[in-house]
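This report refers to the structure that appears directly beneath it.
Computed from a predicted structure; not experimentally measured.
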Amino acid sequence: MAVLSRRAFAQIVGGAAAAAALPLQLAARPNASAFVRLSANENPYGPSAAALQAMRDAFPKACRYPDDEVDTLVDDIAKLHGVSPRQVLLGDGSSEILQLAAAAFSNPQRALVVAEPTFESIAQHARSAGAEVKRVPLDASFAHDLPKMLEASRGAGLIYVCNPNNPTATITPDKALRSFISAASPDTTILVDEAYYHYATSSDYGSVIDLVAKQPNLVVSRTFSKIYGMAGLRCGYCVAQEQTIRRLAAHQAWDTVNVMALVAAHASLGDERHVAEHRRRNSDTKAWLRRSVERLGYRMLPSEANFVMIEMKRDVKPLITAMRTRGVAVGRLFPAMPQNLRVTIGKPEEMQRFVEELAKG
């Protein structure tokens, strides 16, 4: 079965004056014909200056296999998380980690358990391996319904927890998730996807990478696609115990991360100001968007990521189509939440354009 790209996932067919004057300093509104992409949870500001320079400097290495750069980045990540380099596996974005986990831990006899809705790719990979996919609806607070997921996981090979969750941008509280991980069967692997970790600010949220030391069945994935602005470069990783890393790596091709992505990721980890600045930009723009959306009469779910879910109280599929014809691409339809619109946080002027188009209906 062919692996779907994000473009294939995004079968998106994606407004009147803005609801209020912007409190942020905005650049002039882009030309009405400019296409605004708010559909894939990307960081519109791109990689850090340090990452861009590292890629320029790496051009002469393009003729070589990236063994040295792999070792350097693995060492960086191991030091960051206080683990052995043998507990780190790099991937072609964290998307590859999800694919490897589905291949390693799900099969016709061992199901995958996921929330509904959540990021779809791991379910697609599990199905291609012949595994059953058990879907558990989110609870009333849009967190993972961990008691029901625990019940559904009996005999399962893999549990997937995206935290913060895509597409809702909501979190599953740290204390509850830690209890869930401890209670799950040691024969069932748990993959916690922390792609949006850097954007989360809630006191109820936390990374679970520290639990890897005592949980042989835990895998935690991260990506450079989001806050580091490297979605087009493709670099991610996971942290797990050594035997789990070996099981994942057995399904991986050689050299799936290219040298440009590797050196950019290395430089990004050393640029703490980039993370702080992009977290601030995301937060400020998201706060303005919330006020603007509420003035239009809509409700936004609590967001701990670089995107939001807006309750439209009507089928969003026609709206997605209409907005795209007007030059604004928003997130795809999520069948479990057909009246909710997922929108990436773009630059302030892009969000102004979105609100204007949203106001048109």
Side-chain angles (χ1 to χ4, degrees), residues 1-6 8-9 65-67 69-71 73-74 77-78 81 83-115 118-134 153 156-163 166 181 184 186-197 208-209 211-212 215-226 230-231 233-258 261-262 265:
M1 177 177 180
V3 175
L4 290 179
S5 67
R6 288 175 184 269
F9 267 142
Y65 290 110
D67 299 337
E69 288 72 29
V70 166
D71 291 345
L73 184 58
V74 166
I77 293 167
H81 297 300
V83 299
S84 162
R86 293 185 295 276
Q87 292 180 256
V88 176
L89 182 66
L90 302 182
D92 181 32
S94 59
S95 296
E96 185 183 16
I97 302 301
L98 273 58
Q99 181 182 15
L100 297 175
F105 302 113
S106 70
N107 56 54
Q109 291 75 45
R110 304 296 302 276
L112 165 70
V113 179
V114 300
T118 195
F119 185 49
E120 308 99 323
S121 74
I122 194 166
Q124 178 218 337
H125 296 311
R127 285 195 302 269
S128 71
E132 178 186 2
V133 178
K134 297 182 178 181
S153 71
L158 181 63
I159 304 169
Y160 174 68
V161 178
C162 186
N163 196 32
N166 179 12
I181 291 169
D187 295 327
T188 301
T189 299
I190 304 166
L191 171 56
V192 179
D193 183 347
E194 295 184 351
Y196 302 97
Y197 161 81
V208 294
I209 286 180
L211 293 183
V212 165
Q215 294 285 159
N217 62 331
L218 178 62
V219 180
V220 184
S221 64
R222 293 272 185 95
T223 184
F224 289 90
S225 295
K226 305 305 176 182
M230 290 174 47
L233 285 164
R234 315 307 303 130
C235 187
Y237 65 92
C238 70
V239 177
Q241 290 195 8
E242 290 183 36
Q243 65 270 30
T244 303
I245 293 293
R246 287 195 294 269
R247 285 190 66 179
L248 291 166
H251 296 270
Q252 187 176 39
W254 290 359
D255 300 324
T256 61
V257 186
N258 68 75
L262 291 163

Would Ser106 and Arg127 count as having a side-chain donor-acceptor pair, cut-off 3.5 Å? no
Distance from [X] atom [atom1] to [Y] atom [atom2], nearest 0.5 Å?
X: Leu98; Y: Glu120; atom1: CG; atom2: CD; result: 11.5 Å
X: Leu158; Y: Lys134; atom1: CG; atom2: NZ; result: 12.5 Å
X: Gln124; Y: Gln99; atom1: CD; atom2: CD; result: 8.5 Å
X: Asp193; Y: Phe119; atom1: CG; atom2: CZ; result: 8.0 Å
X: Asn107; Y: Leu112; atom1: CG; atom2: CG; result: 11.5 Å
X: Asn258; Y: Asp92; atom1: CG; atom2: CG; result: 8.0 Å

Nearest non-hydrogen partners of [X] and [Y], listed with the distance:
X: Gln87; Y: Val83; result: OE1-CB, 3.7 Å
X: Ala240; Y: Val219; result: CB-CG2, 4.1 Å
X: Ala123; Y: Val133; result: O-CG2, 3.8 Å
X: Ser95; Y: Arg234; result: OG-NH2, 3.7 Å

Just so I know, are the side chains of [X] and [Y] near enough to count as touching, which here means a heavy-atom distance under 4.5 Å?
X: Ser221; Y: Leu191; result: yes
X: Leu73; Y: Cys235; result: yes
X: Asp67; Y: Asp255; result: yes
X: Cys162; Y: Val114; result: no
X: Thr223; Y: Ile97; result: no
X: Leu90; Y: Leu262; result: yes
X: Gln215; Y: Ile190; result: no
X: His81; Y: Val220; result: no

Would you confirm whether [X], through its side chain, and [Y], through its main-chain N or O, come within 3.5 Å as a donor-acceptor pair?
X: Glu69; Y: Val257; value: no
X: Glu194; Y: Val208; value: yes
X: Arg247; Y: Ala104; value: yes
X: Asn217; Y: Thr188; value: yes
X: Arg110; Y: Ala156; value: yes
X: Thr244; Y: Pro216; value: yes

Ring-ring centroid check Tyr160 His125, cutoff 6.0 Å: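 They do not qualify: ring centres at least 6.0 Å apart.
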Go through it in stages, so that I can follow the logic: the residues are Val192 and Leu211, the test is side-chain contact (heavy atoms from CB on, under 4.5 Å), and I'd like the CA-CA distance, side-chain angles, deciding distance and then a yes or no. CA-CA 11 Å; Val192 179; Leu211 293 183; over 6 Å; no
Residue pair Leu248, Phe105: steps toward the side-chain contact (heavy atoms from CB on, under 4.5 Å) verdict: CA-CA 9 Å; Leu248 291 166; Phe105 302 113; 3.7 Å; yes
